[in-house]
Number of protein chains: 2
Amino acid sequence: MKPLPRHGDPRCPAVRNLLQTIGSKWSVIVALHLSAGPHRFSELKRSVGGVSQKSLTTCLRELERNGLVERVVTPSVPPRVDYALTELGETLMEPLKALTAWAVRNECAVAQARARFEEAEEAEPEKQPAAV
Amino acid sequence: MKPLPRHGDPRCPAVRNLLQTIGSKWSVIVALHLSAGPHRFSELKRSVGGVSQKSLTTCLRELERNGLVERVVTPSVPPRVDYALTELGETLMEPLKALTAWAVRNECAVAQARARFEEAEEAEPEKQPAAV
DNA sequence: CAGTATCCAACTGGATACTG
DNA sequence: CAGTATCCAGTTGGATACTG
């Protein structure tokens with residue numbers, strides 16, 4: 001419909017897809033852990049903390065499906081499975097870390113904005129000017 | 001509980017919060033639209049496309065709550081409301097655009113990874129070695 | 001125009017139990 | 001160990017109707 005083939009098109013499926021992937025609850029955390037080197041499933045589960053097996057599996061599969069993470073199986077007994085960032089995954093880390101760095105740098109500013117917002121909300125009893 | 005005050009901690013609430021915010025379905029698209037200049041509510045609704053009033057409102061409120069977007073009301077009849085990025089919001093655009101640029105640059109690589117992944121899935125009928 | 005309110009379907013993610 | 005399968009609660013987001 002709209003002739004926006006410019007690569008900056010925010011509706012670009014690729015962008016939506018990436019945001020879908022990294023927007024899920026654990027993917028970025030997992031990816032950041034993996035950027036420090038390969039990890040086994042249970043290692044990840046422990047070090048990430050608070051994630052269920054199912055969610056971690058889903059998350060890793062999704063990362064794997066998009067070519068960001070590689071699953072390396074060592075057919076021993078018991079089986080050993082390592083997860084590692086692919087080269088593609090590595091290249092994502094740079095912009096991703098820039099984003100998380102922004103989050104940390106501006107943590108206070110955001111917190112202040114929230115405080116202001118909530119204050120403004122409470123000071124808005126226009127529909128109930130008098131009560132109690 | 002957990003003594004991880006290192007600012008690189010992926011579990012950092014600020015990071016989780018930012019990802020929560022920009023991970024929602026429309027926020028990044030809306031933010032990118034606003035990075036081109038202020039827009040009215042209905043303008044946004046039209047230009048973003050496919051978003052419901054409720055979702056757009058929720059999205060804008062969330063962005064506003066985090067201090068990324070400013071709501072400017074002109075008390076005319078009918079009322080006019082403009083949304084614009086705040087300075088803080090502007091600073092987020094840089095890492096965010098880096099991320100979307102990555103998505104566009106690597107669109108093909110991701111698509112190929114997906115194709116490979118699905119292929120590998122289909123070639124995995126170990127539990128049903130013979131069929132049809 | 002710029003919302004709010006309500007209802008509802010789909011998806012996300014956790015807990016639990018079971019398997020190779 | 002590294003999952004899969006199932007169930008279930010909470011959240012997200014769309015459709016619709018109504019309001020100042």
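Predicted model only: the values in this text are computed from it and were never measured. Residue numbering restarts at 1 for every chain, and letters A, B, ... go by the order of the sequence lines.
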Inset, instruction - Please answer: with hydrophobic residues joined when any side-chain heavy atoms are less than 4.5 Å apart, are A:Leu63 and A:Val81 in the same cluster? - result: yes
Legend entry - Hydrophobic cluster membership, B:Ile29 vs B:Leu56, 4.5 Å side-chain cutoff: yes
Legend entry - Polar pair under 3.5 Å, donor/acceptor by atom type, side chain A:Lys54, base C:dG14: yes
Legend entry - Nucleotide C:dG13, atom P - distance to CH2 of A:Trp26 in whole Å: 9 Å
Inset, instruction - Would you name the heavy atoms of B:Leu85 and B:Ser35 that are closest together and state the gap between them? - result: CD1-CA, 3.5 Å
Inset, instruction - Could you state the atom-to-atom distance from CZ of A:Arg61 to P of C:dG13 in whole Å? - result: 16 Å
Legend entry - Phosphate OP1/OP2 of C:dC1: any B:Tyr83 side-chain N/O under 4.0 Å: no
Inset, instruction - State the CG-OG1 distance between A:Leu68 and A:Thr21, to the nearest 0.5 angstrom. - result: 7.0 Å
Inset, instruction - When you get a sec, tell me which of C:dG14, D:dG14, D:dA2 is the closest nucleotide to the side chain of A:Ser42? - result: D:dA2
Inset, instruction - Check whether any side-chain N or O of B:Thr57 sits under 4.0 Å from OP1 or OP2 of C:dG3, and answer yes or no. - result: no
Inset, instruction - May I ask you to say what A:Ser24 touches in the nucleic acid, namely base, sugar-phosphate or nothing, with a heavy-atom cut-off under 4.0 Å? - result: sugar-phosphate
Legend entry - Cation-pi geometry met for A:Arg61 and A:Trp26 (6.0 Å, 45°): no
Inset, instruction - Search all heavy atoms of A:Asn66 against all heavy atoms of A:Leu88 and return the closest pair with its distance. - result: O-CD2, 3.9 Å
Legend entry - Gap between atoms CD and C1', on A:Gln20 and D:dT12 respectively (whole Å): 11 Å
Legend entry - side-chain N/O B:Gln53 vs D:dT19 OP1/OP2, d < 4.0 Å: no
Legend entry - A:Lys25 vs C:dG14: side-chain N/O to OP1/OP2 distance below 4.0 Å: yes
Inset, instruction - Quickly work out the B:Glu43 CD to C:dC1 P distance and round it to whole Å. - result: 11 Å
Inset, instruction - Determine to 10° how strongly the helix from C:dC1-D:dG20 to C:dG20-D:dC1 is bent, judged from the axes of its five-pair ends. - result: 40°
Inset, instruction - State whether A:Arg40 places a side-chain N or O below 4.0 Å from either non-bridging phosphate oxygen (OP1 or OP2) of D:dC1. - result: no
Inset, instruction - To the nearest Å, give me how far apart CG (B:Leu19) and P (C:dT12) are. - result: 16 Å
Legend entry - Nearest-0.5 Å distance, CD of residue B:Glu64 to CZ of residue B:Arg71: 6.5 Å
Inset, instruction - Round to a whole Å and report the spacing from CZ of A:Arg80 to P of D:dG3. - result: 12 Å
Inset, instruction - Starting from P on C:dG3, measure out to CG on B:Asp82 and report it in whole angstrom. - result: 10 Å
Inset, instruction - Specify the residue among A:Ser52 and A:Pro78 whose closest nucleotide of DNA chain C lies further upstream toward the 5′ end. - result: A:Ser52
Inset, instruction - Please state how far atom CZ in B:Phe41 lies from atom P in D:dG20, giving the value in whole angstrom units. - result: 18 Å
Inset, instruction - Compare the minimum distances between each of D:dC1, C:dT12, C:dA2 and the side chain of B:Arg71, then state the nucleotide with the smallest one. - result: C:dA2
Inset, instruction - Would you classify A:Glu62 as touching base, sugar-phosphate or nothing, given that sugar-phosphate means primed atoms plus P, OP1 and OP2, and contacts are heavy atoms under 4.0 Å? - result: nothing
Legend entry - Residues, nucleotides or ligands: over 12 heavy atoms within 6.0 Å of A:Glu43 CD: yes
